[in-house]
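Before anything else, here's the structure in question.
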2 protein chains.
Amino acid sequence: MVDNFDAICSKLKEEKYKITPQREIIINILLDNLNKHLSAEEIYDIAKGINPDLGMTTIYRTLDLLVELGVLQKLEFGDGRTRYELQDEDMHHHHHLICLKCGKVEEFEMDLLEALEQKILEKKGFEVMDHKLKFYGTCSECR
Amino acid sequence: MVDNFDAICSKLKEEKYKITPQREIIINILLDNLNKHLSAEEIYDIAKGINPDLGMTTIYRTLDLLVELGVLQKLEFGDGRTRYELQDEDMHHHHHLICLKCGKVEEFEMDLLEALEQKILEKKGFEVMDHKLKFYGTCSECR
DNA sequence: TTATCTGCAAAATCTTTGCACTTGG
DNA sequence: CCAAGTGCAAAGATTTTGCAGATAA
C-alpha cells in the first residue's frame, strides 16, 4: 500500500510535516532499495551522491520520523547497526532468512502467524500488533 | 539441557578454555536470571556486587565466548543494547512478547515452526538452524 | 611454566543533542 | 513570516582493542 512516493508524502502532510528536498531524497532511496535492509550509513552514502550537503543527522531524524509514521520498520540482524525496511501491507507475511556463514539476508513469504496471535490474546491477554520472525542457518550458496 | 553450572563449565573445558572466578560469577548470574534478558551492563552491575574488581571488558569477552560455545544467545529488542539469554533445548520453542507501551518482555512457548523450516529447505534451499520470533503489541496490564 | 585471561585506558562505532542558520508552506 | 527542518560539532552510549601484568592448569 505505502510503497510509492506520493503515498508517503501524503502521510507526512497529514501530520503537518514538511516535504523537504532532503526527505524526498531519503524516501526515494528507500523506494529504490526495497528489500535491501539499508542501514542509516548506507542511506547516507547514497544520499551524499545526490546532495553532498545532506547530513547524517538528517538521515537519522528522517528515518525516525518515517518509523513514527508507520511506513518504515527498524530491523536488527545482529551486526550492530539498525537497518530499515519500508512497510507495506504484505510485510506482515514477510520474514527473513539470515545466513550465518555469509551474512546474506533473504526474504521469505508465509502467512501462518495470524491464528497464533489470536491464541496469544486468549492465553496471555497480550494483543499482538506486529511480529518479526527470523530464521538463522545456511543459505543455498553456502551449503 | 545446558541449564546448570557444571554443564557450562564442561563445555568450556572441552574447548580448552579456563574456568576463572570471573567466568564463574558471570555464568552464575546468567543462571540466576533465566528469562530476564540481561544486558552486558546489567550483568556487570550484579557482578560488581560480588567482585568489585571485575571489569566490563571481561563481561563482554565472556559473553562472546558463551555465545560462541552455543550456550548463550544474543537478543535485541530495539533499545540499543544487546541482551543475553541462556540456551537450553526448549528455547527453540520459546518466543518473546514485547509490549510497545511499557517495554516489558514476556515469554511465550509454542512449537509450530518445525514444519515450516522443512518447507524453507525445500523451497529456498536454506537450511534453518535457529529462529527468533518476536511479537510486538500491548500487554495485558497496559490494555 | 606458559598460554590464557584480566583490567585499564583508549579507541571505535553508532546514534543523539544543542544551537545557530535556513526554508517550506 | 515563522514554526519546522537542517547541518555541524560535540556529546552519549555501547562495544572493541592494545597491552602489561596476573593466573589457571
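In what follows, every heavy atom counts, from backbone to side chain, and hydrogens, waters and symmetry copies are set aside. Letters A, B, ... mirror the listed sequences (proteins, then strands); counts begin at 1.
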Legend entry - Length of the CD-C1' vector between Glu24(B) and dT23(D), whole Å: 13 Å

Inset, instruction - Among the candidates dG7(C), dT14(D), dA9(D), find the nucleotide nearest to the side-chain atoms of Thr57(A). - result: dA9(D)

Legend entry - Distance, rounded to the nearest Å, where Asp53(B) contributes CG and dT23(D) contributes C1': 14 Å

Legend entry - His94(B) and Gln87(B): side chain donor to acceptor below 3.5 Å: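 No donor-acceptor contact under 3.5 Å links the two side chains.
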
Inset, instruction - Take atom NZ of Lys13(B) and atom P of dT4(C), then tell me their distance rounded to the nearest Å. - result: 18 Å

Inset, instruction - Between dG18(C), dC14(C), dG7(C), spot the one nearest the side chain of Arg61(B), thanks. - result: dG7(C)

Inset, instruction - Look only at the side chain of His95(A) and the backbone of Phe135(A), and say whether a donor-acceptor pair between them is shorter than 3.5 Å. - result: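 No; zero donor-acceptor contacts below 3.5 Å.
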
Legend entry - Side-chain donor-acceptor contact under 3.5 Å, Gln118(B) with Glu114(B): no

Legend entry - Residue pair Asn33(A), Glu42(A): steps toward the side chain to side chain donor-acceptor pair (under 3.5 Å) verdict: CA-CA 11 Å; Asn33(A) 292 279; Glu42(A) 286 164 348; over 6 Å; no

Legend entry - Closest non-hydrogen atom pair between Cys142(A) and Lys101(A), with its separation: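 Reported closest heavy-atom pair: SG-CB, 3.8 Å.
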
Inset, instruction - Return the 5'-most residue of the pair Asp79(B), Ile59(A) with respect to DNA chain D, ranking by each residue's nearest nucleotide. - result: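 Counting from the 5' end, the first nearest nucleotide belongs to Ile59(A).
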
Inset, instruction - Using whole Å, report how far CG of Leu65(B) lies from C1' of dT4(C). - result: 11 Å

Inset, instruction - Mind checking side chain to side chain donor-acceptor pair (under 3.5 Å) for Tyr60(A) and listing every partner two or more places apart, or none if nothing turns up? - result: none

Inset, instruction - Measure the distance from CD1 on Ile25(B) to P on dT6(C) and round it to the nearest whole Å. - result: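 Spelled out: CD1 on Ile25(B) to P on dT6(C) is 10 Å.
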
Inset, instruction - Could you state the atom-to-atom distance from CG of Asp64(A) to P of dC14(C) in whole Å? - result: 16 Å

Legend entry - Pair of N/O donor and acceptor under 3.5 Å linking dC14(C) base with Thr82(A) side chain: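 Answer no: no donor N or O sits under 3.5 Å from an acceptor.
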
Legend entry - Minimum-distance nucleotide to Tyr60(B) side chain [options: dT15(D), dG7(D), dT6(C)]: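 Comparing dT15(D), dG7(D), dT6(C) against the side chain of Tyr60(B), the answer is dT15(D).
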
Legend entry - Spacing of CG belonging to Leu38(B) relative to CD1 belonging to Ile43(B), to within rounding of 0.5 Å: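 One gets 5.0 Å once the value is rounded to the nearest 0.5 Å.
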
Legend entry - Atom pair distance, as rounded to whole Å: CZ in Arg81(B) and C1' in dT16(D): 17 Å

Legend entry - Sorted by number, the residues of residues 16-23 of chain B with heavy-atom contact under 4.0 Å to DNA chain D: Lys18(B), Ile19(B), Pro21(B)

Legend entry - Nearest-Å distance for atom pair CG/P, residues Leu63(A) and dC14(C): 15 Å

